[in-house]
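What follows is a single structure, written as structure tokens, with notes after it.
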Amino acid sequence: MEDCLSKKIEITVSEAEKRTGRNAVNMQETYTAYLIETRAVESQNEGQCSPVDSLWRRYSEFELLRNYLLVTFPHIVVPPLPEKRADFVWHKLSADNMDPDFVERRRIGLENFLLRVASHPVLCQDNIFYSFLTQEGGWKEMVNETGFQLKADSRLKALNATFRVKNPDKRFTELKHYSDELQSVISHLLRVRARVADRLYGVYKVHGNYGRVFSEWSAIEKEMGDGLQSAGHHMDVYAASIDDILEEEEHYADQLKEYLFYAEALRAVCRKHELMQYDLEMAAQDLTSKKQQCEELATGTVRTFSLKGMTSKLFGQETPEQREAKIKVLEEQIQEGEEQLKSKNLEGRDFVKSAWADIERFKEQKNHDLKEALISYAVMQISMCKKGIQVWTNAKECFSKM
Amino acid sequence: QDLSLPNGTPVDTSSPASSSSLLNRLQLDDDLDGETRDLFVTVDDPKKHVCTMETYITYRVTTKTTRAEFDLPEYSVRRRYQDFDWLRIKLEESQPTHLIPPLPEKFVVKGVVDRFSEEFVETRRKALDKFLKRITDHPVLSFNEHFNVFLTAKDLNAYKKQGMALLSKMGESVKYVTGGYKLKSRPLEFAAIGEYLDTFSLKLGTIDRIAQRIIKEQLEYLVELREYGPVYSTWGGLEVELAEPLEGVSACIGNCCTALEELSEDMSEDFLPVLREYILYSESMKNVLKKRDQVQAEYEAKLEAVALKKEERPKVPTDVEKCQDRVECFNADLKADMERWQNNKRQDFRQLLMGMADKNIQYYEKVCGTA
């Protein structure tokens, strides 16, 4: 098995830049472009620095890449992109796409996306992906030439399949249910977390008012003055500390968001299975009815009620020649149908096998990543408490000197 | 140590001379620390009484003393808020030149607070205990006759009926009510005290508002946390490997909620009442300053009247002399009380603010412990 691309080249999204240009309808628009840098990984011994290749891409190109991957590798849980618009924001953060903090977090998210794809054993081998990283001009045309848009399943078709499929693989049904629940619980979590952050911000900031009033009070005191004044300073420090704390927490929220969007990708794989299974069931059904028709014509017996049977009784039966012709056509179709059914069956089984393999890989990755995220969140909380203890201990000492 | 008091009789402020000489002697030994103290008073054991007409709470007031003014070394009586209020008014009337400590507010102002809730009763008990202890520590007030009766009488109501008729709830003494005299010049030190008290109570008011705001924000934060924690549990229910860490985070947040609730309660019950007490203290002190101004103004007016009469006798009439004594006495009492007050204030606030810091430290330690 070839090594993943991520082991051969270093990929970074190192910069973000505001650009203006003209869009498809020749209207001026502002957008952000991101610089992708790639460098071949050198072995430790040589110590040579290989040259850095770079090119600029905008968010819509990342989207195009991802859509291509989704259609081309329907059995893979394709890594998600960072959110298009700022969602789950708490009041201090801006919901504006042009806000520097949002852009910065998006830059990190895009880099993460590329690294995920590059370290995926199947996806990293794709040429379009490689060209995305290395070929600035003509990449869009190259993608469109693959004709992947044509291969995409219509949403309506997929939805239809969800309700009508009779024998889906139970594992996929369970998994789809799980991904729905996961999406629901993570969105709820992110919404409440944003509100919690908002409130916590308020608590810390109000303490800053102590700083001012202690300072004013200290002016009229003799012995108490110094203690009050210096305690007030610590209250200011306390109030200011929340900014860094919450910024760190945003990183945790981003980690959760990635898996919120991953749940959607998981769901898509399950849907693809349902669609294939539905297709298969339809084809089998069609084949069965054709065989039946053929038999009826051959034996002259009408087993099932049909309008044709009725009309032939009313208006006279067809000639034997006509019947023979029909039988021949049907036999051809049946043969075609059987071959198609065979290949569909094979396709279906292959899909289930390879999809399930990637799902297992994904599960392990998810458990590992989220465990780490939760642990680092707990560490963040402990660090916040320690800071709190420090500040209040300092303030207490100042009060003790009053 | 020898206090040399007239045996059995408490100090009477109608003779200013004895009061100032007493003060002179006491100023040598101002710090009554635990070793030299001979009077100990405690307020505890609140009990609810349900009668046909009303329901109220009484508190046990326990006294331990070696002072000659007390017949027994120990007393235990039950008193209700009304009785404390009566005591305060009597003290203001009989000791108008001194700063009388404040009582907790009579009526519950904000919100629908249960008068009989454990928290309210406990907060009040602490304040009443502080009130009596401040009087106990005062070298003049602690010898007051009404205070003695309050601590010792089995039937306080009988004594109340015997006593002087209540003049006014504001505690203005008839002796010292003088109308319309304009003060010519306020001595610098009393002007300074007045200005200090103005700014001081203003700053305390601000701190009170900030503390209330923090409590409010904390409670809103708590509401969100209470929704936040359980979502992790729900998620844990979906997972296998992640169930443990998710439950862990959920439990942690739950613990945070408990700790936060305790912190907010503590601040409400222990911190805010003391602030408010000092604001009330400042207000009553400013009233005493006004009275002092009036006494001085009366003296100055009478002095001026004498000067205008252009009498040949160089001797100053006795009532003007009395006025002068009153002014000097008042000034001396007030000055001594202010010094004592400043010192106690410093200690009280040192303790209060250190307590606030402590509560916050404990909160973080509780959260840290389980994270």
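Throughout, protein chains are lettered first and strands after them, A, B, ... in sequence-line order, and every chain is numbered starting at 1. Every heavy atom of this structure was used, including side-chain atoms; hydrogens, water molecules and symmetry mates were not.
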### Task
Side chain from CB out, backbone as N, CA, C, O: work out which of these in A:Leu182 comes under 4.5 Å of a heavy atom of chain B, or both, or neither.
both

### Query
Any idea which heavy atoms bring B:Phe349 and A:Met402 closest together, and the distance?
C-CE, 3.9 Å

### Query
Where does B:Leu204 contact chain A at under 4.5 Å (heavy atoms): side chain, backbone, both or neither?
side chain

### Task
Give a yes-or-no answer on whether the side chains of A:Tyr201 and B:Glu217 include a donor-acceptor pair shorter than 3.5 Å.
no

### Message
Which atoms of B:Tyr363 are under 4.5 Å from chain A, going by heavy atoms: the side chain, the backbone, both sets, or neither?
### Response
neither

### Task
Output yes when A:Arg193 and B:Glu227 qualify as a salt bridge under the 4.0 Å nitrogen-oxygen rule, no when they do not.
no

### Task
Considering only NZ, NE, NH1 and NH2 on the basic side and carboxylate oxygens on the acidic side, decide whether A:Glu223 and B:Lys345 come within less than 4.0 Å.
no

### Query
Do A:Trp217 and B:Thr206 touch side chain to side chain, with heavy atoms closer than 4.5 Å?
no

### From B:Tyr364 atom OH to A:Gln381 atom CD, the distance as rounded to the nearest 0.5 Å
10.5 Å

### Task
Against chain B, label A:Leu256 side chain, backbone, both or neither, depending on which of its atoms sit under 4.5 Å from a heavy atom there.
side chain

### Task
Could you look at B:Glu239 and say if it's the side chain, the backbone, both or neither that has a heavy atom under 4.5 Å from chain A?
side chain

#### Entry: CD on B:Glu247 to CG on A:Leu374, rounded to 0.5 Å
11.5 Å

### N/O donor-acceptor pair under 3.5 Å between A:Arg199 side chain and B:Glu224 backbone
no

